[in-house]
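Okay, so here's the structure we're looking at.
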Amino acid sequence: MIDPRALRDDPDRVRAAQARRGLSADVVDTALAADEERRTSIADFERLRAEQKQLSKQIPQASAEQKADLLARTKTLAADVKSAEAAQTAAEQDWREALMAIPNVAAEEAPAGGEDDYVVLETVGTPRDFAAEGFEPRDHVELGRILGAIDVERGAKVSGSRFYFLTGVGADLEMALTQLAMDQARANGFTTVIPPALVRPRAMEGTGFLGQAADDVYRIDGEDLYLVGTSEVPMAAYHSDEILDPSRFPLRYAAFSPCYRKEAGSHGKDTKGIIRVHWFDKVEMFVYTTLEESFAEHQRLLAWEKEFLDKLELAYRVIDVAAGDLGLSAQRKFDCEAWIPTQGRYRELTSTSNCTDFQARRLDIRGRFEGGTSPVATLNGTLCAMTRTIVAILETHQQADGSVRVPEALRPYLQGREVLKPVE
RNA sequence: GGAGGUGUCGCCUAGUCCGGUCUAUGGCGCCCGCCUGCUAAGCGGGUUUGGGGCUACAACCCCAUCGAGGGUUCAAAUCCCUCCACCUCCGCCA
């Protein structure tokens, strides 16, 4: 939710941000009108309520005939108060809905436009030239089969399309990546967390996943519970309804959880392998800090993501995601995309968003500052999404005989193995 | 899953049976001031959160807020219903 006061004071800034996202500014006018309506209804209710309280207070000491008179007046007043209250509740709800429909105000720096209007900020490393090396790279599905690491056939048999089993070195790789990621996070002051992957509607709603994104979310039948698509959801809701002490900021958490996604709009896309799946595990960084500090923290999250990819010796580029592709909550977003040899292109491996105070408002997370409380900023960033990272590692570090060289940083977590060898 | 109990403004707590004097008691902590070689103690005051009005987003006035949401009533912390969380016991279980 955007700042209602800022909307009232400077609606043109919000209109401009909507334009950068390629969205209509109608929601702005709807929200402003709803705000007017809301404040009028509040004034009406409060005036009647104050009068009712005044009269009510007189009743106990009143004489018999005074009492009868008072009772008659308060009785009709009570009905008025009730309807005024109902009107206020309705107006308040309309206002809230109108406000909730407005996405976070995109950063001035975020490129205008949609999905394809990103700006490449930098390119790190060079994609391997397999032609020069004299062999055709195998894709991760084949490598996964040769190494006994990924079993997509049985995944489909047991759970359906877009499911898989990680076996042997595949499972070992996930464990190793998790440990490497957690060690890096811990060294940088993150608290390691294993959060619940099932959450209530409030958590989903608060993080902005029940709007247009709702199609992609699994709901538990008859339970009022959702499977999270990222641990951003439980970690944002972790401090919901709390007033935090800013002297302890930034609060940094590194959460490991499964992620579940319906991938509703992606039929036919990435049908092979484990690039796009209904479930994967992920280590996610999540930070609570002040609005002022959030911009610098966003850069730090990006730096940590790059550090992790560097350790895995991957070639990647960093893009500044365009306003129209930010999603509901983000004010700015950077994606790290790794080179996938058999696809001949860069694919998103990690993503970091500054949600400023947008989620904090929805989830009522404030800090106690001089001069009162105010919403804090939340940020998130992928440290390691297992499946895609495994794809990138296998394809990038494969050798002509189908074996895979293990990046040095990962070796201590893989029992010292330097090479993953094909199984018989 | 079954039975019972509990939920009060940071923490603890009075109040709930018998609705109005609750603009919610007291203690601890914290903040400001006084006192004081210093510290401690003592004394006085303050200390939920959100919103509206008015405005310098000050002061002030008002409304809401006793786990959440409904209901009864002129009036609800107090009575009724639903939900949530926690505790105890039983059952089941990794």
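Chain identifiers are assigned alphabetically (A, B, ...) following the order of the sequence lines, protein sequences preceding nucleic acid strands; residue numbering begins at 1 within each chain. Quick note: numbers below take in every heavy atom, side chains included, and nothing from hydrogens, waters or symmetry partners. Bear in mind that the values here come from a model prediction, so they are computed numbers and not experimental data.
With rounding to whole Å, Arg39(A) atom CZ is found 13 Å from rC54(B) atom C1'. Asp35(A) places its CG atom 9 Å from the P atom of rG53(B), with the value rounded to the nearest Å. As rounded to whole Å, 12 Å separates atom P of rC32(B) from atom CD of Glu370(A). To the nearest angstrom, P of rC84(B) lies 7 Å from CZ of Arg200(A). If you measure from atom CZ of Arg368(A) to atom P of rG50(B), you get 8 Å, rounded to the nearest angstrom. When the C1' atom of rC63(B) is taken as reference, atom CD of Gln54(A) falls 13 Å away, rounded to whole Å. One atom, CZ of Arg362(A), and another, C1' of rG50(B), lie 19 Å apart when rounded to the nearest Å. The interatomic distance linking Leu48(A) (CG) with rA75(B) (P) rounds to 13 Å, in whole Å.
Contact between the side-chain N/O atoms of Thr74(A) and the OP1/OP2 oxygens of rA75(B) is not found at any separation under 4.0 Å. When the side-chain nitrogen and oxygen atoms of Gln52(A) are compared with OP1 and OP2 of rA75(B), one or more of them lie within a distance under 4.0 Å. Here Arg47(A) does not reach the OP1 or OP2 of rG52(B): none of its side-chain N or O atoms lies under 4.0 Å away. Taking only side-chain nitrogens and oxygens, Arg366(A) comes nearer than 4.0 Å to OP1 or OP2 of rG50(B).
Nearest-nucleotide positions on RNA chain B for Ala50(A) and Arg8(A) put Arg8(A) closer to the 5' end. For the pair Ile42(A) and Leu55(A), both in contact range of RNA chain B, the more 5′-proximal nearest nucleotide belongs to Ile42(A).
Distances from the side chain of Ser56(A) to the nucleotides rG52(B), rA75(B), rU49(B) place rA75(B) closest. Among rA85(B), rU49(B), rC74(B), the nucleotide with an atom closest to any side-chain atom of Leu71(A) is rC74(B).
With salt bridges taken as basic N to acidic carboxylate O contacts below 4.0 Å, none links Lys269(A) and Glu263(A). Of the charged side-chain nitrogens involved, none lies within less than 4.0 Å of a carboxylate oxygen, so that Lys311(A) and Asp183(A) do not count as a salt-bridged pair. Using a cut-off of 4.0 Å between Lys/Arg side-chain N and Asp/Glu carboxylate O, Asp94(A) and Arg38(A) are scored as not salt-bridged.
Under the side chain to side chain donor-acceptor pair (under 3.5 Å) criterion, Lys157(A) pairs with no residue, sequence neighbours left out. Take Tyr238(A) and apply the ring-ring contact (aromatic ring centres under 6.0 Å, His included) test, not counting sequence neighbours, and it matches Tyr253(A). By the ring-ring contact (aromatic ring centres under 6.0 Å, His included) test, Phe256(A) pairs with no residue at all, sequence neighbours left out. Asp325(A) pairs by the salt bridge (charged side-chain N to carboxylate O under 4.0 Å, His left out) definition with nothing, not counting sequence neighbours. Considering only residues two or more places apart in sequence or on other chains, Asp224(A) meets the side chain to side chain donor-acceptor pair (under 3.5 Å) condition with none of them. Taking the ring-ring contact (aromatic ring centres under 6.0 Å, His included) definition, one finds that Tyr316(A) meets it with nothing, sequence neighbours left out. With sequence neighbours excluded, the residues that form a ring-ring contact (aromatic ring centres under 6.0 Å, His included) with Phe286(A) are Tyr288(A).
Spacing between rU8(B) and rC86(B) at atom C1', rounded to whole Å, works out to 16 Å. Distance check on atom P: rA77(B) versus rA85(B) gives 25 Å, rounded to whole Å. If you take atom P in rU55(B) and the same atom in rG50(B), they sit 23 Å apart, rounded to whole Å. Rounded to whole Å, the P atom of rU49(B) lies 24 Å from the corresponding atom of rC54(B). rC79(B) and rG7(B) are spaced 11 Å apart, taking the P atom of each and rounding to whole Å. Taking the C1' atom of each, rC18(B) and rA41(B) are spaced 44 Å apart, rounded to whole Å. With both ends at atom P, the span from rC89(B) to rC31(B) equals 41 Å, rounded to whole Å. With both ends at atom C1', the span from rG15(B) to rU23(B) equals 16 Å, rounded to whole Å.
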Q: I would like to know whether Asp320(A) and Arg332(A) meet salt bridge (charged side-chain N to carboxylate O under 4.0 Å, His left out); could you show each step before the answer?
A: CA-CA 8 Å; Asp320(A) 198 342; Arg332(A) 201 174 187 200; 2.6 Å; yes
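Among pairs with a residue in residues 180-204 of chain A, those fulfilling ring-ring contact (aromatic ring centres under 6.0 Å, His included) read Phe190(A)-Trp304(A), at least two apart in sequence or across chains.
Remark: rU82(B) base-pairs with rA68(B); criterion is Watson-Crick or G-U wobble with both hydrogen-bond distances under 3.5 Å. rG20(B): Watson-Crick or G-U partner is rC74(B), with both key distances under 3.5 Å. The partner of rC89(B) is rG2(B), judged by Watson-Crick or G-U wobble contacts that both fall below 3.5 Å. The pairing partner recorded for rU36(B) is none, the criterion being a Watson-Crick or G-U wobble arrangement whose two distances lie under 3.5 angstrom. Using N1 to N3 plus N6-O4 or O6-N4 for Watson-Crick, or N1-O2 and O6-N3 for G-U wobble, each under 3.5 Å, rA56(B) pairs with nothing. When Watson-Crick and G-U wobble pairs are counted only if both distances are under 3.5 Å, rA41(B) pairs with no nucleotide at all.
Across Thr382(A), Leu349(A), Leu394(A), a single residue satisfies side-chain contact (heavy atoms from CB on, under 4.5 Å) together with Thr389(A), and that is Leu349(A).
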Sequence neighbours left out, cut at 3.5 Å: what donor-acceptor pairs do the side chains of residues 143-154 of chain A make with other protein atoms?
| unit_1 | atom_1 | unit_2 | atom_2 | d |
| --- | --- | --- | --- | --- |
| Asp151(A) | OD1 | Glu153(A) | N | 3.3 |
| Asp151(A) | OD1 | Arg154(A) | N | 2.9 |
| Asp151(A) | OD2 | Arg154(A) | NH1 | 2.8 |

Taking only N/O atoms, report every protein-nucleotides 57-59 of chain B pair under 3.5 Å with atom names and distance.
none

Scan nucleotides 92-94 of chain B against the protein and return all N/O pairs shorter than 3.5 Å with their distances rounded to 0.1 Å.
none

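Across all strands shown, Glu92(A) has no heavy atoms under 4.0 Å from either base or sugar-phosphate atoms.
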Q: Take nucleotides 64-72 of chain B nucleotide by nucleotide from the 5' end and write B, S or -, depending on whether a protein heavy atom sits under 4.0 Å from the base, only from the sugar-phosphate, or from neither.
A: S-------S
